[in-house]
Amino acid sequence: MKKNNITVLGAGLIGSLMAIYLKRQGLDVSIYDKRPDKRKTPYFEGGRSINMALSHRGWKALEQVGLKEKVLPLAIPMYGRRVHDEHGGTTFIPYGKANQAIYSISRGKFNQLLAEEAERLGANLHFEYKCVDVDFRSNEITFETPKGEEKLTPNVIIGADGAYSSLRMAMQKQIRFNYKQEYISHGYKELTIPATPEGEFAMDPNALHIWPRGKFMLIALPNPDKSFTCTLFLPFEGTKVCFDKITDEDDLETVFRAYFDDAFQLMPDLKTEFFKNPTAALVNVECYPWVQGNSLLIGDASHAMVPFYGQGMNCGFEDCYILNGLIEKLGTNAWDLVFEKFQKKRKIDTDAICQLAMENFVEMRDSVADPKFLLRKKIEAKLHDLYPNDWIPLYSMVTFSDMSYAEAYAQGKLQEAIMDKVMADPLITENWNKLDYEDIINQMEIAKAV
Ligand SMILES: Cc1cc2nc3c(=O)[nH]c(=O)nc-3n(C[C@H](O)[C@H](O)[C@H](O)COP(=O)(O)OP(=O)(O)OC[C@H]3O[C@@H](n4cnc5c(N)ncnc54)[C@H](O)[C@@H]3O)c2cc1C
């Protein structure tokens, strides 16, 4: 057996990027994925998000392996949220400062680029290899393949096999493994706003569009072919508007005309797509430890979050960046030490972002439609302008910085308490521009010191 022979489970976004990092360390890397080779068959999304928002943490991890320039042409900047009200009016809420954006990117092409880069660097890619078991005493992995069962015994196993990870399932059978999963009440379905007959975007392409409707919402992200992929988030059942109650085309049209009429006018294929496309569930997964013997979980396999902060992939890319940093520091002869340090450092951060992602669902589907929320954002933006180092809005800490998620979470809670007091002033709408901004910063300093 070769020394430092590494098996990565999953050729998804995180497994592919991890393989790139490992190859750049000069290691012997093989990737195994249960799906067919996406270069030989059309990319099958299976109801999973078609496009995603890539932000600072993701870019940083890509830049370190020299991929930023290759990825940029696939990505469309979105500088803020464009909020659509029920009468067709819209409001733009910037995400951060004028040049700060998150980037819409299509999963299929992006995943392909990363897998091909891993292969170009010398990683061996194996498709239609489904991991079904791992024996941690011998490090033996059992795969199901079209040619029958196959067994392998690598030195190191990195499980990047997603929210329903097979490596994690094997860990679950070990003593003292903690695991929790929660499905939220809402599911999602992907739909399309195609390009106009003139071949143009039907809406502003440089924004993430949201139709917040209290208990449910629709969002849309732009694609390079000038279409938008929309995601409809609805409760599965039990409310006036839910997936269970949309049983035919009339129900569908009634809901869309009532709540999303401007989008409805742009969706000629809605009725076909709605009943053809799968309705997918949303799960939060947390577990610990992430290490068993010489095996480690990363990405969604160790922390699958709901998508409302747009951080699942970005966080997984940051996993790769941090793990690589530890390998550089501690070398490749002490995997147990590297893995132990990784999980100790990272767990507190991934718990924080899982929690923030849950909390942001309410903000996206409800608060963004509230004028008081918009005012709150304006005040925070002004604080950030006046005191750029002392007040960074939570969204910016998470999305436009690499501050640890746990620290961002803690600072965000302090800011929230101070802003609650500011917003409690009954005359805040009239007086917001005359606030004592320095005093707010002083309050923050005191809160941090306590
Ligand atoms: C609706 C939605 C919207 C999202 N939007 C965003 C966003 O805007 N920004 C963001 O950062 N994140 C977003 N995410 C999260 C993001 O999709 C995930 O965090 C990311 O895909 C995780 O990558 P991964 O490689 O860990 O897992 P996956 O992408 O799930 O890849 C896992 C791979 O492992 C393979 N595999 C699985 N089981 C086995 C097995 N037994 N044997 C071998 N191979 C196996 C699979 O075939 C797959 O290729 C969103 C998620 C959803 C659901």
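As the structure lists them, so they are numbered: ligands from 1, and atoms in each ligand from 1. Remember, it's a predicted structure, so these values are computed and weren't measured experimentally. This chain uses plain numbering: 1 for the first residue, then up along the sequence.
Between H84 and W211, the distance separating the two ring centers is shorter than 6.0 angstrom. Ring centroids of F260 and F256 are separated by less than 6.0 Å, placing the two rings close together. A ring-centre distance under 6.0 Å is found for Y259 and F216. Taking the ring centroids of W59 and Y103, they lie under the 6.0 Å cut-off. Ring to ring, Y32 and H126 are close: their centroids are under 6.0 angstrom apart. For an aromatic pair to be called close, the ring centres must be under 6.0 Å apart, and F177 with Y288 fails this. With ring centers used as reference points, Y79 lies 6.0 Å or more from Y95.
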Stepwise, does the ring-ring contact (aromatic ring centres under 6.0 Å, His included) test hold for F361 with H186?
CA-CA 10 Å; F361 188 26; H186 290 60; 4.8 Å; yes

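Note: an N/O pair closer than 3.5 Å links I14 and ligand 1 by distance alone. Not one N or O of A301 is nearer than 3.5 Å to an N or O of ligand 1, by distance alone. At least one N/O-N/O distance between M313 and ligand 1 falls below 3.5 Å. Every N/O-N/O distance between T231 and ligand 1 stays at or above 3.5 Å.
Not one N or O on the side chain of R168 forms a donor-acceptor pair closer than 3.5 Å with the backbone of D161. Of the possible polar contacts, one joining the D85 side chain to the G89 backbone as a donor-acceptor pair under 3.5 Å is found.
For ligand 1, the atoms sitting less than 4.0 Å from at least one non-hydrogen atom of S166 are 40 (C), 41 (N), numbered in the order shown with element in parentheses. Taking every heavy atom of Y129 and a limit of under 4.0 angstrom, the matching atoms of ligand 1 come to 42 (N), 43 (C). Counting the atoms of ligand 1 from 1 in the order shown, those under 4.0 Å from a heavy atom of K130 are 41 (N), 42 (N). With ligand atoms numbered from 1 in the order given, ligand 1 contributes 25 (O), 31 (O), 33 (C), 49 (O) to contacts under 4.0 Å with heavy atoms of G12. Near G10, with a cut-off below 4.0 Å to any heavy atom, the atoms of ligand 1 are 33 (C), 34 (O), 35 (C). For ligand 1, the atoms lying closer than 4.0 Å to a non-hydrogen atom of R35 are 46 (C), 47 (O), 48 (C), 49 (O).
Taking only non-hydrogen atoms, the option from Y164, Y188, F308 nearest to atom 53 (C) of ligand 1 is Y188. Between the choices D319, D300, I50, the shortest heavy-atom distance to atom 18 (C) of ligand 1 belongs to D300. One option in Q311, R57, K34 has a heavy atom closer to atom 39 (C) of ligand 1 than any other, and that option is K34. Taking all heavy atoms of S16, G312, C131 into account, the minimum distance to atom 40 (C) of ligand 1 is reached by C131. One option in D133, I219, L208, D33 has a heavy atom closer to atom 33 (C) of ligand 1 than any other, and that option is D33. Comparing P307, G159, C320, A163 by heavy-atom distance to atom 4 (C) of ligand 1, the nearest is P307. Closest to atom 9 (N) of ligand 1 by heavy atom, among A11, G162, A53, is A53.
When heavy-atom distances to ligand 1 are checked against a 4.0 Å cut-off, F143 has no atom that comes that close, whether in backbone or side chain. With a heavy-atom cut-off of 4.0 Å, R107 touches ligand 1 through its side chain alone.
G316 does not count as a contact of ligand 1, since none of its heavy atoms falls under 4.0 Å from the ligand. Residue contact check for ligand 1: N314 places a non-hydrogen atom closer than 4.0 Å to it. By the 4.0 Å heavy-atom criterion, L13 is counted among the residues contacting ligand 1.
Considering every non-hydrogen atom in both D133 and K173, the closest pair reads OD1-NZ, 3.9 Å.
Q181 and Y179 share a side-chain donor-acceptor pair at under 3.5 Å.
The existence of a salt bridge linking E128 and K147 is excluded, since no basic side-chain nitrogen approaches an acidic carboxylate oxygen closer than 4.0 Å.
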